[in-house]
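The next block holds one structure in the form of structure tokens; read it before the comments.
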Amino acid sequence: MAGFEEIRRQTASEQVEYEIKKYILENNLRPGDPLPTETEMAEMLGTSRTTVREALRVLQFLGVVKTKQRMGPVVADTNLDVLEDYFVFSLQFGDPSLQEFAEARRIIETAILSLVVERATAEDFQLMKSIVEAGEKGPVKARFQIQNDCEFHNALIAGTKNRALAVFNEVLQKFFETMWKGFDPEETIRESDRVNEEHGLILAALEKGDVAGAKKVLIKHLHAYEDRSHDLR
């Protein structure tokens, strides 16, 4: 028999945060558009300016709003850097294991291959090709090879033309970049030929529309990372 879930009480500032975000969405505000002043928001919401100010500080940290001199709060430009750093930090000290995140990455990337075949442009495939060539001809240095690998997988996601996937991938990829710093540099260099060869095979299969072939290579490719990440913790 299912039990009850604990009811979470929101603080006044959390309620104000929610109302400000709802106001932005419902009024279709864009970056740079002004919000009501602290005084106006306090009157509209029936709360104190101190509570509104506390909510705005949190939303500034999250990159939702910013304060302009003589204008007050305005909608901020999208900036995921702060959120990425916070998310990566949370993951490193959270419950999910490296293996679980590696598994999640494999599930996502193998699932998007059909979208890449369907939507990727000639420019997308050319970008992937240039990344593969750079990996083959680039310096035999662990840092370069890790970055090159990240660029190839980012290009795969970009080929889906799905912005939600791209945003999620940015955060996930930053986590893996942090993780890969723990790899043995010498092993990364030894593995670079295999990694670059598999990138080339994935690309060749996708260009031919062979989703099954690309998936087979990609699964093998990502399993190697899962094996290596298993040794980190």
Side-chain angles (χ1 to χ4, degrees), residues 84 88 91 96-232:
E84 285 178 358
V88 170
L91 294 183
S97 67
L98 291 173
Q99 283 294 100
E100 288 174 311
F101 279 103
E103 182 180 76
R105 180 193 185 203
R106 173 165 45 85
I107 292 169
I108 292 168
E109 290 202 17
T110 53
I112 59 94
L113 295 177
S114 58
L115 282 181
V116 176
V117 168
E118 179 185 336
R119 299 176 180 175
T121 64
E123 288 76 17
D124 290 318
F125 285 124
Q126 182 55 47
L127 174 60
M128 292 180 214
K129 183 179 180 181
S130 66
I131 293 170
V132 171
E133 291 176 347
E136 293 171 343
K137 300 175 183 177
V140 186
K141 294 182 178 179
R143 185 173 180 180
F144 173 83
Q145 293 297 333
I146 288 172
Q147 185 59 40
N148 182 266
D149 184 47
C150 290
E151 288 176 4
F152 181 81
H153 290 273
N154 286 339
L156 270 183
I157 297 290
T160 68
K161 307 305 178 189
N162 184 306
R163 288 178 293 177
L165 278 172
V167 169
F168 180 74
N169 183 65
E170 281 186 42
V171 176
L172 195 60
Q173 207 55 304
K174 193 159 188 176
F175 169 74
F176 280 108
E177 284 179 32
T178 303
M179 180 191 79
W180 288 328
K181 290 177 182 176
F183 285 168
D184 177 6
E186 293 300 319
E187 186 178 356
T188 296
I189 292 170
R190 288 195 299 271
E191 291 281 292
S192 62
D193 286 342
R194 176 191 59 78
V195 170
N196 290 319
E197 180 183 4
E198 289 171 353
H199 285 170
L201 292 172
I202 293 166
L203 173 58
L206 291 173
E207 287 183 307
K208 292 188 295 184
D210 181 7
V211 175
K215 184 175 181 179
K216 183 178 179 180
V217 179
L218 182 59
I219 289 174
K220 176 186 174 185
H221 181 71
L222 295 178
H223 267 309
Y225 286 112
E226 291 180 52
D227 292 340
R228 291 183 72 187
S229 66
H230 181 74
D231 297 331
L232 290 180

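- One finds the NZ atom of Lys137 at 12.5 Å from the CG atom of Asn148 (value rounded to the nearest 0.5 Å).
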**Q.** Test log, rule side chain to side chain contact (heavy atoms under 4.5 Å, CB included), inputs Ile108 and Leu165
**A.** CA-CA 9 Å; Ile108 292 168; Leu165 278 172; 4.3 Å; yes

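- Note that the CD atom of Glu151 and the CE atom of Met128 stand 13.0 Å from one another [nearest 0.5 Å].
- The CG atom of Leu156 sits 10.0 Å away from the CG atom of Leu127 when rounded to the nearest 0.5 Å.
- Shown here are the side-chain contact (heavy atoms from CB on, under 4.5 Å) partners of Arg143, two or more places apart in sequence or in another chain: there are none.
- One N or O on the side chain of Asn196 and one on the backbone of Ser192 form a donor-acceptor pair closer than 3.5 Å.
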Result block: side-chain N/O donor-acceptor pairs under 3.5 angstrom for residues 110-122, not counting sequence neighbours:
{"unit_1": "Thr110", "atom_1": "OG1", "unit_2": "Arg106", "atom_2": "O", "d": "2.7"}
{"unit_1": "Thr110", "atom_1": "OG1", "unit_2": "Ile107", "atom_2": "O", "d": "3.2"}
{"unit_1": "Arg119", "atom_1": "NH1", "unit_2": "Thr160", "atom_2": "O", "d": "3.0"}
{"unit_1": "Thr121", "atom_1": "OG1", "unit_2": "Glu123", "atom_2": "N", "d": "3.3"}
{"unit_1": "Thr121", "atom_1": "OG1", "unit_2": "Glu123", "atom_2": "OE1", "d": "3.2"}
{"unit_1": "Thr121", "atom_1": "OG1", "unit_2": "Asp124", "atom_2": "N", "d": "3.2"}
{"unit_1": "Thr121", "atom_1": "OG1", "unit_2": "Asp124", "atom_2": "OD2", "d": "3.1"}

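- With sequence neighbours left out, the salt bridge (charged side-chain N to carboxylate O under 4.0 Å, His left out) criterion links Glu109 to Arg105.
- Minimum interatomic distance between Ala224 and Arg194 (heavy atoms only, all atoms of both residues): CB-NH2, 3.5 Å.
- Taking the salt bridge (charged side-chain N to carboxylate O under 4.0 Å, His left out) definition, one finds that Lys129 meets it with nothing, sequence neighbours left out.
- Screening residues 212-222 for side chain to side chain donor-acceptor pair (under 3.5 Å), with sequence neighbours left out, gives His153-His221, Glu198-His221, His199-His221.
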Identify all side-chain donor-acceptor contacts of residues 202-213 below 3.5 Å with residues at least two apart in sequence or on another chain.
{"unit_1": "Asp210", "atom_1": "OD1", "unit_2": "Gly213", "atom_2": "N", "d": "2.8"}

